[in-house]
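Report on the structure given below.
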Amino acid sequence: MTERTDLGPEDQKIVTLARSARARNGVPEGAAVRDETGRTYVAGTVGLASLDLSALRTAVAMAVASGAESLEAAAVVSGAESLADADLAAVRDLGGAGTPVHLAGPDGTVRLTTEA
């Protein structure tokens, strides 16, 4: 894992979208993923009695349900210091090993980037 402050415009866009989803919905996490065609999927944490999904797993599920075949990048905005293994596994399942995943704090500053 490495600290990143030099995101390109497309990766900065998904961080911004993830931050907006978190704030708009008042949820612990917001996430966004970009597929192989450049489409983005944005989600917040899902916390129902019968369904509990992180924002990233929700965004990946939305991409799959919309026909995405792979992912180029993912971003999560959260107060957490690290990404859950299950979140990275979901990105890896669709995006393949090596897909960059950016973790940003609530202020949108990317604290680390790792590969799924």
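- Residue pairs meeting the salt bridge (charged side-chain N to carboxylate O under 4.0 Å, His left out) criterion with at least one member in residues 86-96, sequence neighbours excluded, are R57-D87.
- Cluster annotation: Y41 is not connected to V46 through the hydrophobic network of ILVMFWY side chains, with a link wherever side-chain heavy atoms come within less than 4.5 Å.
- Connection of L94 to L83 is established within a shared hydrophobic cluster, with ILVMFWY side chains joined at heavy-atom distances below 4.5 Å, either directly or through further cluster members.
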Identify all side-chain donor-acceptor contacts of residues 22-33 below 3.5 Å with residues at least two apart in sequence or on another chain.
| residue | atom | partner | partner atom | Å |
| --- | --- | --- | --- | --- |
| R22 | NE | P28 | O | 3.0 |
| N25 | ND2 | A21 | O | 3.3 |
| E29 | OE2 | S78 | OG | 3.4 |

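- No chain of hydrophobic side-chain contacts below 4.5 Å, direct or via other Ile, Leu, Val, Met, Phe, Trp or Tyr residues, connects V77 to V42.
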Which side-chain N or O atoms in residues 12-19 pair as donor and acceptor under 3.5 Å with protein atoms at least two apart or in another chain?
| residue | atom | partner | partner atom | Å |
| --- | --- | --- | --- | --- |
| T16 | OG1 | Q12 | O | 3.1 |
| R19 | NE | P106 | O | 2.9 |

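- The structure places OG1 of T114 at 6.0 Å from CG of L88, a figure rounded to the nearest 0.5 Å.
- Between atom CD of residue E81 and atom CG of residue L103 there is a gap of 8.0 Å, rounded to the nearest 0.5 Å.
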I'd like a table of donor-acceptor pairs (distance under 3.5 Å, sequence neighbours excluded) in which one partner is a side-chain atom from residues 58-72, with atom names and distances.
| residue | atom | partner | partner atom | Å |
| --- | --- | --- | --- | --- |
| T58 | OG1 | S54 | O | 2.8 |
| S66 | OG | M62 | O | 3.0 |
| E72 | OE1 | R34 | NE | 2.9 |

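- For D107, the side chain to side chain donor-acceptor pair (under 3.5 Å) criterion is met by T109, not counting sequence neighbours.
- Separation of atoms CG (L7) and OG1 (T113) is listed at 6.0 Å; rounding is to 0.5 Å.
- Here the closest non-hydrogen pair linking D52 and G47 is OD1-CA, 4.1 Å.
- Here the closest non-hydrogen pair linking T45 and L53 is CG2-O, 3.6 Å.
- In terms of heavy atoms, V91 sits closest to A74 at CG2-CB, 4.2 Å.
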